Visitor: 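Provided herewith is a single structure, encoded as structure tokens, for subsequent inquiry.
Numbers restart at 1 for each chain; the letters A, B, ... are given by sequence-line order, proteins then strands. Nothing here was measured: the structure is a model prediction, and the numbers come from that model.
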There are 2 protein chains.
Amino acid sequence: MELRVLPSSSWRVSRGISRGSEMAAGTAPNIRDVAELAGVSHQTVSRVINDHPSIQPQTRARVEAAIKTLGYRPNSAARSLARMRTGRIGAIVDSPEHFGPMNTLRGVEVASRRAGYFLSSVSVNDDSVDAINQSLEFLLDQNVEGLCLIAPRLPLLEVIRRRGLQIPSVVIATDTAHLVDDNGLQASVDQELGTRMMVDYLLELGHTRIAHLSGPHDWGDARSRRATFEATLAAHGLTPAAIVEGDWSPDSGFAAGPGLIEGTGATAVFSANDQMALGLVHYLSEVGLRVPDDVSVVGFDNTPESAHMIPPLTTVRQNFEKLGEMAIGSLLARIKGARVERETLRTQPSLVVRSSAGPRPATQRSR
Amino acid sequence: MELRVLPSSSWRVSRGISRGSEMAAGTAPNIRDVAELAGVSHQTVSRVINDHPSIQPQTRARVEAAIKTLGYRPNSAARSLARMRTGRIGAIVDSPEHFGPMNTLRGVEVASRRAGYFLSSVSVNDDSVDAINQSLEFLLDQNVEGLCLIAPRLPLLEVIRRRGLQIPSVVIATDTAHLVDDNGLQASVDQELGTRMMVDYLLELGHTRIAHLSGPHDWGDARSRRATFEATLAAHGLTPAAIVEGDWSPDSGFAAGPGLIEGTGATAVFSANDQMALGLVHYLSEVGLRVPDDVSVVGFDNTPESAHMIPPLTTVRQNFEKLGEMAIGSLLARIKGARVERETLRTQPSLVVRSSAGPRPATQRSR
DNA sequence: CAGAACAGCGCCTCTCGTATC
DNA sequence: AGATACGAGAGGCGCTGTTCT
């Protein structure tokens, strides 16, 4: 897909050239208008805009000049019709206001554009089956060639499971249990790895009483992190000091403070995201507990803010942009007719060690 | 634009009905396939899907049944071509990770969909003229009928000013000085009103030493709020206790604390957004100043978090969704051929009084 | 109320050509 | 002669209009 610069005010140009006295100003120029102006056949123009090999440089130059002066732009509908493909993919984003889905969409956007595909995306916040189905229909009505579903929560996954996908699709979701589709394509950040790295890190620091501030239970990531947290502790013969569910917001992190700390003996808290960690740190400072001297706090996401928290937050970096790009890459391969086997893409998160976690305090707090 | 429910697994249906032994499975069904199955002409099918009045209920029912069993979906490219319109509008969003642009886009999305228009949106973060121009070309290549530009910062506005817009467009931006276009359509939340309401509120509470935590200077909203802040104070014969520029982030709010408070005598701080207010409140608690007893802090945006801050934040509510909807409404009117005069749309913000601002302390702090 | 017939939207593709080195 | 560079023309993509029965 090549991009040309429009000479200003040449958009609604007259097409009087080819239609004599009609002078239908306001109508976009035609491929034949270009041909006429360049003194070539419409064939040649077509060959130029489609990068056909056997075109002489000077002819190409003449045509491109004509294109520029007319402000010609191929009619995408006509192209789609003749080629029998729209060059468009559709995306549904659930909870687009959240860090992960938002950045994943960014990656999806970049990747599809770079591949020469148009993207139509729709947001979903509503959990109703009807709303989700309407979003799907809305995309299918555009004859998208493929579908990318950013589905962090269960409701959207459930709809996908029930109705199935009839065109090439990729589902970006952690909780894969709901996808029974045989030839399904699925992508996610490896939550288990990220969680294990973090919990192992806390264990190495000597912590044995670790609490978990989890995300909402209808989020796949939250479920996975919580489950892996418990499993990793269990593998070391430990049990959680406490588990409190938040809603990803800083406020919920603040509010979860007492449940995580009071009487639990926790010396470290693994928060399922950075924002809640922020709120929790705030709570701890309010009750006079120092981070990390009294309590270690770690997060997940590596938001821009996390580097500047006080103290700077130890967290897990997830490359959502890359996730989106990988997903689109594989989706496009399928659209172009690659094999159709079940496939699962994973990106690896990485531990970002800053200073919000430290060794287990020598003397236990009394509380 | 009506939405139909696809019977599962009926998408890639055979079209053997009309093409005999060819049985081109994998090809989407045709309007003629539907006609044949329903025992009517393709004309009638066209009339049904376009809600033509003169169709008998039973005929309509037969056709709709055929549509359903075949999983027929009109080819959007063919429709666009025949109608000579794409039914698509394009949107560019600068800084989509920020609260305002993000929610404005949400409104744009909802409004265009409700009006039966498809939406293509692209994100811009880069300030380079090339990147912005490419985004524009990308949308124009899709033959969008109109353009919605969410332009909170100056660089995008500058590009718009320089190249002009050749198709119906609406610019959502506060800083209108850069738009010389004669018949331009522009929309924004009334920043001056919001700022005045807030500053007046602080003045009524008796504050005379008020500091301002502003947003980045290349943001239109930030410039407007700052200018109005200064003007409103001046109208009361007052000068700012301090002005510090942040970058919208909580961290910058935290970092701005000393500059706003130390030695300024400020008893109130007007933060240009809620997130910075959050950081500032954190700073204040760290240095032992109570909000609002010692220092009043107010924000702007009314983010979901603001209601749960401690103390709950007094702020200004901006209805970005409505802004987006209004903008699209007026844009569509232009696309449909309404008058083309210069037009400016404004939505009114409202004051949300919570408890982070109180009366001026009786005794001045010593610092 | 609905069918038949046809033109047309703008572009692509394919088949033949002719022309030039 | 056998390449390469381009033209002419037709048919088709799926749907929408209109007009005439």
Visitor: If you compare every side-chain N and O of B/Ser46 against the phosphate oxygens of D/dT16 (OP1, OP2), does one of them come in below 4.0 Å?
Guide: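 Indeed, a polar side-chain atom of B/Ser46 lies that close.
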Visitor: Between protein and nucleic acid, restricted to nucleotides 18-21 of chain D and to nitrogen or oxygen atoms under 3.5 Å apart, what atom pairs and distances do you find?
Guide:
| residue | atom | partner | partner atom | Å |
| --- | --- | --- | --- | --- |
| D/dT18 | O4 | B/Gln43 | NE2 | 2.8 |

Visitor: By nearest heavy atom, map A/Leu81 and A/Val45 onto DNA chain D; which one lands nearer the 5' end?
Guide: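 Between the two, 5'-proximity favours A/Val45.
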Visitor: Which one, D/dA5, D/dG14, C/dG10, comes nearest to the side chain of A/Asn75?
Guide: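 Closest nucleotide among those given: C/dG10.
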Visitor: I want to confirm an ordering. Mapping B/His42 and A/Asn50 to their closest nucleotides on DNA chain C, which one lands closer to the 5' end?
Guide: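 Nearest-nucleotide comparison on DNA chain C picks B/His42.
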Visitor: Side chains of A/Asn143 and B/Arg79 only: does a donor on one sit below 3.5 Å from an acceptor on the other?
Guide: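 Not at all, the side chains of A/Asn143 and B/Arg79 share no donor-acceptor pair under 3.5 Å.
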Visitor: Starting at atom CG of B/Asp51, determine the distance to atom C1' of C/dC1, rounded to an integer number of angstrom.
Guide: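 Spelled out: CG on B/Asp51 to C1' on C/dC1 is 17 Å.
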Visitor: For D/dC15, take OP1 and OP2 only and decide whether either is under 4.0 Å from a side-chain N or O of B/Tyr72.
Guide: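 The answer is yes; a side-chain N or O of B/Tyr72 sits under 4.0 Å from OP1 or OP2.
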Visitor: Check side-chain hydrogen bond (donor to acceptor under 3.5 Å, both in side chains) between B/Ser41 and all other residues, then give those that pass, not counting sequence neighbours.
Guide: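 If we apply the side-chain hydrogen bond (donor to acceptor under 3.5 Å, both in side chains) test to B/Ser41, skipping adjacent residues, the hits are B/Thr44.
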Visitor: Under 4.0 Å from OP1 or OP2 of D/dT4: is there any side-chain N or O of A/Gln56 that close?
Guide: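 Checking A/Gln56 against D/dT4: no side-chain N or O falls below 4.0 Å of OP1 or OP2.
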Visitor: Without decimals, in angstroms, what is the distance between B/Ile31 CD1 and D/dG17 P?
Guide: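 That distance rounds to 11 Å.
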Visitor: Once you round it to whole Å, what is the distance between C1' of D/dG14 and CZ of A/Arg85?
Guide: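 The answer, rounded to whole Å, is 17 Å.
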Visitor: Is there a side-chain polar atom (N or O) of A/Arg79 under 4.0 Å from OP1 or OP2 of C/dG10?
Guide: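 So the side chain of A/Arg79 is outside the cut-off, no N or O lying under 4.0 Å from OP1 or OP2 of C/dG10.
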Visitor: In whole angstrom, what separates B/His52's NE2 from D/dG17's P?
Guide: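 Going from B/His52 (NE2) to D/dG17 (P), I get 10 Å.
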Visitor: With sequence neighbours excluded, what pairs up with A/Ala131 under the side chain to side chain contact (heavy atoms under 4.5 Å, CB included) test?
Guide: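 With sequence neighbours excluded, A/Ala131 shows a side chain to side chain contact (heavy atoms under 4.5 Å, CB included) to A/Asp126, A/Ser128, given in chain and number order.
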Visitor: Taking atom C1' of D/dC15 as reference, at what distance in whole Å does atom CD1 of B/Ile67 sit?
Guide: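 Distance, rounded to whole Å: 13 Å.
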Visitor: Is the closest basic N to carboxylate O distance between A/Arg161 and A/Glu158 below 4.0 Å?
Guide: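 Judged by the 4.0 Å cut-off on N to carboxylate O distance, A/Arg161 and A/Glu158 do form a salt bridge.
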Visitor: Please determine if a side-chain N or O atom of A/Arg32 lies less than 4.0 Å away from the OP1 or OP2 oxygen of C/dG10.
Guide: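 Indeed not, no polar side-chain atom of A/Arg32 lies that close.
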Visitor: Which residues pass the side chain to side chain contact (heavy atoms under 4.5 Å, CB included) test with A/Ala115, not counting sequence neighbours?
Guide: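 Applying side chain to side chain contact (heavy atoms under 4.5 Å, CB included) to A/Ala115 gives A/Tyr117, A/Leu332.
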Visitor: Please list, chain by chain and in numerical order, all residues satisfying side-chain hydrogen bond (donor to acceptor under 3.5 Å, both in side chains) with B/Ser120, sequence neighbours excluded.
Guide: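 With neighbours one apart ignored, the set is A/Arg88, B/Arg88, B/Gln142.
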Visitor: Send over the distance from A/Arg60 CZ to D/dA5 P, rounded to a whole Å.
Guide: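 In whole Å, D/dA5 P and A/Arg60 CZ are 11 Å from each other.
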Visitor: List for me each residue that meets side chain to side chain contact (heavy atoms under 4.5 Å, CB included) alongside A/Ala78, sequence neighbours excluded, and say none if there are none.
Guide: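 In terms of side chain to side chain contact (heavy atoms under 4.5 Å, CB included), with neighbours along the sequence ignored, A/Ala78 is linked to A/Asn75, B/Leu81.
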Visitor: Take the protein atom CD1 of B/Ile49 and the nucleotide atom C1' of D/dT16, then report the distance between them rounded to whole Å.
Guide: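 These atoms are roughly 10 Å apart.
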